[in-house]
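Down below is the structure, laid out as structure tokens.
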Amino acid sequence: MAESTRVAEGVHRLGSRLINYYLVEDGDALTLVDAGIPGYRPGLDSTLAALGRSPGDIQAVVLTHAHADHIGIAEKLRTEAGVPVYVHRADEELARTRKEPKRERGFLPYLRHGAALGLIAHMAHNGFPPKLTEVTTFGDGDVLDVPGRPVAMPTPGHTEGHVSLHLPDRGVLFTGDALNSRNPITGRMGPQIMPACVNVSSAQALESLSNIESLDAGALLFGHGDPWTDGPAAAVARARELGPS
């Protein structure tokens, strides 16, 4: 696992080279944005210890969406430390059942990419997460009453309830999988939407980018890939240029 790094004011990037999740500090309280995969728990514990914090200081896990590589340690934090887990209401069933709606394209053709094989091996090594047995839901545009007070910007297409989370006062936008800067399945670099094999609708995913392109955000923090600091408009323009994969 990679060591955590500070990527914005009071925001720490955790996870690995392949999958990111984030810790937001707000005074003495913390919010986890997404939750990686189960094998990432020691990395969270070491980051908390380095900050002089404990799992009990985490007041919320807020999910951009309910795919397996984003919910990883959420249920364990909920059961062990009583941390509530927030997800958009349109992804509640996915979070509770792990039953995926039909995706746009099959996965098999993507196995020609080394990145896809590497991701599968990485996730198998780090374990697959349990279903979430209890969640708190929110809707489009809600300002969540959790540390950092993220604003839920609707960006469906990757999943039906996908959101990007905006921290206006810090100029930070967590894009989840609405955008990535390194395609985890094809290995393609640059801001782009996720590949069709993991999307409900790539066309909708591209269309949803209009909901975030005018936001004030000096740091775009992705579920996959390194941060982007040239603003949402430039990232969205590049994603439209690259198109689906």
Side-chain angles (χ1 to χ4, degrees), residues 1-2 4 11-16 18-26 29-49 51 53-101 119 122-139 142 144-150 152 155 158-165 167 174-178 180 184 194 198 221-224:
M1 296 301 105
S4 66
V11 179
H12 303 267
R13 176 187 179 186
L14 299 90
S16 71
L18 298 180
I19 300 168
N20 303 315
Y21 66 114
Y22 300 90
L23 187 68
V24 177
E25 297 182 88
D26 187 356
L30 305 170
T31 290
L32 205 62
V33 174
D34 288 328
I37 48 182
Y40 290 2
R41 177 63 187 271
L44 173 63
D45 289 339
S46 63
T47 296
L48 291 171
L51 295 172
R53 306 294 182 85
S54 71
D57 295 318
I58 301 174
Q59 293 192 4
V61 176
V62 181
L63 303 175
T64 59
H65 64 296
H67 276 164
D69 57 332
H70 291 257
I71 69 171
I73 59 179
E75 180 69 2
K76 185 156 285 229
L77 287 172
R78 191 191 69 78
T79 57
E80 291 183 357
V83 182
V85 180
Y86 293 75
V87 68
H88 190 281
R89 62 175 63 97
D91 265 17
E92 179 181 6
E93 183 177 356
L94 176 58
R96 289 182 180 277
T97 67
R98 296 276 310 279
K99 291 180 181 176
E100 295 273 359
L119 181 65
H122 180 73
M123 292 188 66
H125 176 73
N126 283 280
F128 288 87
K131 302 167 187 174
L132 296 173
T133 55
E134 186 176 319
V135 295
T136 301
T137 59
F138 58 83
D142 286 358
L144 303 186
D145 188 17
V146 303
R149 294 186 61 80
T155 44
H158 180 56
T159 67
E160 294 172 346
H162 192 288
V163 297
S164 298
L165 297 166
L167 305 183
F174 301 99
T175 70
D177 284 354
N180 68 82
M194 293 291 280
V198 291
L221 304 177
F222 307 112
H224 307 277

Report task. Mind running side-chain contact (heavy atoms from CB on, under 4.5 Å) on His158 and Thr64 for me, showing each step along the way? Result -> CA-CA 10 Å; His158 180 56; Thr64 59; over 6 Å; no
Report task. Check step by step if side-chain contact (heavy atoms from CB on, under 4.5 Å) holds for Arg41 and Glu80. Result -> CA-CA 12 Å; Arg41 177 63 187 271; Glu80 291 183 357; 3.3 Å; yes
Query raised in the report: Does the distance from a Lys or Arg side-chain N to an Asp or Glu carboxylate O, for Arg78 and Glu75, drop under 4.0 Å?
Result: yes
Query - Flag for His67-Asp177: side-chain donor and acceptor within less than 3.5 Å - result: no
Student check: side-chain heavy atoms of [X] and [Y] closer than 4.5 Å:
X: His12; Y: Leu51; result: yes
X: Leu18; Y: Pro184; result: no
X: Arg96; Y: Thr133; result: no
X: Thr159; Y: His88; result: no
X: Val24; Y: Val62; result: no
X: Thr155; Y: Thr175; result: no
X: Glu25; Y: Leu30; result: yes
X: Leu44; Y: Leu77; result: yes

Query raised in the report: So among Asp91, Val61, Val87, Leu63, which one has a side-chain contact (heavy atoms from CB on, under 4.5 Å) with Val135?
Result: Val87
Measuring from atom [atom1] of [X] to atom [atom2] of [Y], what distance do you get when rounded to the nearest 0.5 angstrom?
X: His70; Y: His224; atom1: NE2; atom2: NE2; result: 4.0 Å
X: Arg13; Y: Phe174; atom1: CZ; atom2: CZ; result: 12.0 Å
X: Phe138; Y: Leu165; atom1: CZ; atom2: CG; result: 6.0 Å
X: Ile19; Y: Met123; atom1: CD1; atom2: CE; result: 5.5 Å
X: Asp34; Y: Ile71; atom1: CG; atom2: CD1; result: 10.5 Å

Query - Asn20 side-chain N/O to Phe222 backbone N/O, donor-acceptor pair under 3.5 Å - result: yes
Query raised in the report: So, Thr31 side chain and Pro147 main chain: donor-acceptor pair closer than 3.5 Å or not?
Result: yes
Considering all heavy atoms, the nearest [X]-[Y] contact:
X: Gly161; Y: Ala90; result: CA-CB, 3.6 Å
X: Pro38; Y: Gly127; result: CD-O, 3.1 Å
X: Tyr86; Y: Ala60; result: CE1-CB, 3.7 Å
X: Ala81; Y: Pro55; result: CB-O, 4.1 Å

Requested in this report: Kindly indicate, with the supporting measurements, whether the criterion side-chain contact (heavy atoms from CB on, under 4.5 Å) is fulfilled by Tyr21 and Leu32.
Outcome: CA-CA 8 Å; Tyr21 66 114; Leu32 205 62; 3.9 Å; yes
Requested in this report: Kindly determine whether Leu48 and Asp57 satisfy side-chain contact (heavy atoms from CB on, under 4.5 Å), including the steps that lead there.
Outcome: CA-CA 9 Å; Leu48 291 171; Asp57 295 318; 5.9 Å; no
